[in-house]
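Just below is one structure, and these are the notes that go with it.
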Amino acid sequence: MKCKKVLLMGNPNVGKSTVFNELTGMHQHTGNWIGKTVDSAAGKFYYKYNNYKLIDLPGTYSLLPSSKEEKVAGDYLLKEKYDCVVVVIDSTMLQRNLMLFYQIFEITNKIVVMLNLCDEAKKRNIEIDRNILQNLLGVPVIKATARSGKGINELLEQIHLISTNSEDYYSKKDYDLSALDIENIAHKAEFVNEKAVKEAPSKKEKREEFLDNIILGKYTSIPIMLLMFGLILWITIKLSNYPSEFLSKIFNDFENMLSGKMAQARLSPILISLLIDGMLKVLLWVIAVMLPPMAIFFPLFAILEDFGILPRFAFNLDRPFEKCNACGKQALTTCMGLGCNAVGVTGARIIDSPRERAIAIITNSLTPCNGRFPFLIAIITIFLAKNSVLASFILLGFIILSVICTMTSSKVLSKTVLKGKSSSLVFELPKYRVPDFKNVIISTIRDKILLVLFRAVAVAVPAGLIIWALANINVDNSSLLNIISTKLDPLGKLIGLDGVMLMAFILGLPANEIVLPIALMTYLSSGVLSDYSSVESLKEILIANGWTIKTALCACIFSMFHFPCATTLFTIFKETKSIKYTLLSIITPLTNGIIICCVINALFNLFN
């Protein structure tokens, strides 16, 4: 049976991905900000003995190719073969959405209009007369609320009728998009909106206006932004310790049990140590330390995204990033980097300009990811703060420093290897909406936590083997680990650290989570990754090895500003296909870290 092809089109943030998921049963990620879907997604569904292929094209305001999204959508509409086009429209913004409809209508009339978000329109006292709208547009119109499934069955029936009542359709391949009369289209959209829509002021609009006055206010925007991030960090710090400790205990018991079983099987002690102390210990350490903060931070971050807060943060930071010859959307990718730098790198796809996208990718590792939080939290708690509230504010201070360094580095890159002016940010602030908590949790686990954890695990296993070998191969009664750390000591002292910490950062390339365990293993000469029973025991080990407040500050700075982890580097190369940009992604944060650490070291030496 021949497969019918259906195109799914619409403005950004109208719920296309939700419609796609409802029709296909797949899990295209949804979010309450612009640019979530840059590439087209494809899925299949079956209806009335017919197979359908659904293509979810990127959200776009126009078919005139001024961005990647518009080019992808316009090219597909003109050059590909299809049987029906579903135009998804936000019921709360009919006039603006009709601009795209009329552009598509110039090319094909095989259209069904889906008025989505009807529940939101009702809350805003917006009433659309479907019969009037249908008569004026000349195509079927369906009222729907996709996330609750309302209207999906009627949509399926209209798709079926349009797709099966005519021959295969070829679009106007020779149509010149530049010939679109945008002014005339705007008049049509305005006329239809006046005839079909009745609107009255709503309490919800007044609440949203009040919120925007605070979140986007000249004097309140930055404090509110810092307060929200501070709260998220505090919750992450406060709650992640308990599951981490629980997992560490479970994993430790599992290691002992497995080691005992292997010994009973009379396996070689060296082989047991290699498998348990090398591969397994590093693997389980990464999971125990990395999973709890991710499981807390990512959902909280996604809730801010779904509620509509993150786009407003990007709007607030647009002007500072513009002064750095970068793009305001870089603020969003920077925020993503707090969860995982690899996610922040892939998030840079939302930036249209290749130059600005490269800047966002190269500087993303200046943002401390959640893998660095355990190290930062431990050192801050021991040397710089006595309670979780103060620790949260200090950590927030470090993050503010990372934003400053991101902007400074973006400016330097834009004046040197990536010269150019910043592009204008055409950015629609989405309406506030209550997050779909079920979708947030499921998509966060599937698209972020499991994906990042899988990548970290993939690099942790070979890293464990290398670290074990360096710790257990001796030359002149000294392990290779100790020999290397001794050689690196002069360089480490220059930046306020020691050779052990410098070596730990280098060997921690596979995952930031294993930097501190490597350092402890070297300090204790244990030959295996070393855990610590309490914060006090860790403090004793570090102080015994010469740590001071200066060492702690430099260690925190270098933890934030050093080369990206292996997972992020792999993602950078995959996204850019450029060795040059991958190397710049190493050099940029490393340069920041070395300069700041040298300044701190010099100041402490001067005043001491």
Side-chain angles (χ1 to χ4, degrees), residues 1-12 14-30 36-60 63 69-90 97-98 100-117 130 133-134 137-175 177:
M1 186 183 294
K2 189 174 181 181
C3 187
K4 303 286 185 180
K5 185 181 287 187
V6 179
L7 305 187
L8 193 59
M9 301 188 71
N11 286 182
V14 296
K16 284 194 308 90
S17 295
T18 305
V19 177
F20 178 87
N21 293 342
E22 286 291 330
L23 290 174
T24 64
M26 295 175 67
H27 302 287
Q28 177 82 327
H29 182 51
T30 60
K36 279 305 259 189
T37 309
V38 176
D39 299 315
S40 58
K44 292 184 178 180
F45 64 92
Y46 181 80
Y47 185 74
K48 287 191 175 180
Y49 309 107
N50 283 285
N51 290 315
Y52 293 88
K53 183 177 183 180
L54 183 65
I55 308 295
D56 181 13
L57 294 174
T60 176
L63 296 181
E69 291 92 340
E70 290 162 356
K71 181 170 176 53
V72 170
D75 285 352
Y76 206 104
L77 194 68
L78 284 172
K79 298 176 182 178
E80 298 294 328
K81 180 180 176 182
Y82 47 85
D83 299 282
C84 177
V85 180
V86 177
V87 179
V88 183
I89 285 179
D90 181 349
N97 282 233
L98 286 175
L100 179 64
F101 162 79
Y102 276 117
Q103 292 177 55
I104 297 171
F105 195 65
E106 287 284 321
I107 298 171
T108 176
N109 61 359
K110 294 176 69 65
I111 298 173
V112 54
V113 168
M114 180 179 182
L115 286 176
N116 196 25
L117 301 173
R130 183 174 76 162
L133 183 62
Q134 193 165 260
L137 298 183
V139 299
V141 175
I142 295 165
K143 282 191 169 184
T145 301
R147 63 179 178 179
S148 67
K150 182 180 178 182
I152 295 298
N153 289 335
E154 190 178 351
L155 175 64
L156 284 167
E157 182 63 23
Q158 289 298 334
I159 291 173
H160 174 73
L161 291 174
I162 292 174
S163 300
T164 56
N165 286 348
S166 59
E167 298 299 314
D168 291 336
Y169 179 82
Y170 288 88
S171 63
K172 301 177 182 178
K173 294 183 179 182
D174 57 346
Y175 188 88
L177 288 173

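Just so it is clear, the model here is predicted, and its values are computed rather than measured.
For the residue pair Gly151 and Ala144, the shortest heavy atom distance occurs at CA-CB, 3.9 Å. Closest non-hydrogen pair, Pro58 versus Lys16, comes out as C-NZ, 4.1 Å. Considering all non-hydrogen atoms of both residues, Leu77 and Ile107 come closest at CD2-CD1, 3.5 Å. Of all heavy-atom pairs spanning Phe45 and Leu54, the tightest one is CE2-CB, 4.0 Å. Heavy-atom minimum distance, Leu7 versus Tyr76: CD2-CE2, 3.4 Å. The two residues Ile55 and Ala42 have their closest heavy-atom pair at CD1-CB, 3.8 Å.
In this structure, Asn116 contributes its side chain and Asp90 its backbone to no donor-acceptor pair below 3.5 Å. A donor-acceptor pair under 3.5 Å is absent between the side-chain atoms of Gln158 and the main chain of Val112, judged by distance alone. Side-chain N or O atoms of Gln134 include one that pairs as donor or acceptor with a backbone N or O of Val141 at under 3.5 Å.
Interatomic distance, CG of Leu57 versus CD of Glu80, reported as 9.5 Å (0.5 Å rounding). In this structure, Asn97 CG and Asn11 CG are separated by 4.0 Å, a value rounded to the nearest 0.5 Å. Taking CG of Asn109 as the reference point, atom CD1 of Ile104 lies at 12.5 Å (rounded to 0.5 Å).
With Ile142 as the fixed residue, the side-chain contact (heavy atoms from CB on, under 4.5 Å) test singles out one of Leu155, Val113, Leu115, Asn153: Leu155. Screening Asp56, Leu63, Val14 for a side-chain contact (heavy atoms from CB on, under 4.5 Å) with Met9, the sole residue that qualifies is Leu63. A side-chain contact (heavy atoms from CB on, under 4.5 Å) with Met114 is found for one member of Ile152, Ile89, Ile159, Leu8 and no other, namely Ile152. Of the options Lys5, His160, Lys4, a side chain to side chain donor-acceptor pair (under 3.5 Å) to Tyr52 is made by His160 and by none of the others.
For residues 151-165, every residue pair satisfying the salt bridge (Lys or Arg N to Asp or Glu O under 4.0 Å) rule, not counting sequence neighbours, is listed here: Lys48-Glu157, Arg130-Glu154.
More than 12 heavy atoms of other shown residues, nucleotides or ligands fall within 6.0 angstrom of atom NZ in Lys143.
Within the 4.5 Å cutoff, the side chain of Asn50 has no heavy atoms near those of the Ser163 side chain.
Classified by interplanar angle (parallel below 30°, tilted 30° to 60°, perpendicular above 60°), the ring pair Phe105/Phe101 is parallel.
Partners of Tyr102 under the side chain to side chain donor-acceptor pair (under 3.5 Å) rule, at least two apart in sequence or in another chain, do not exist in this structure.
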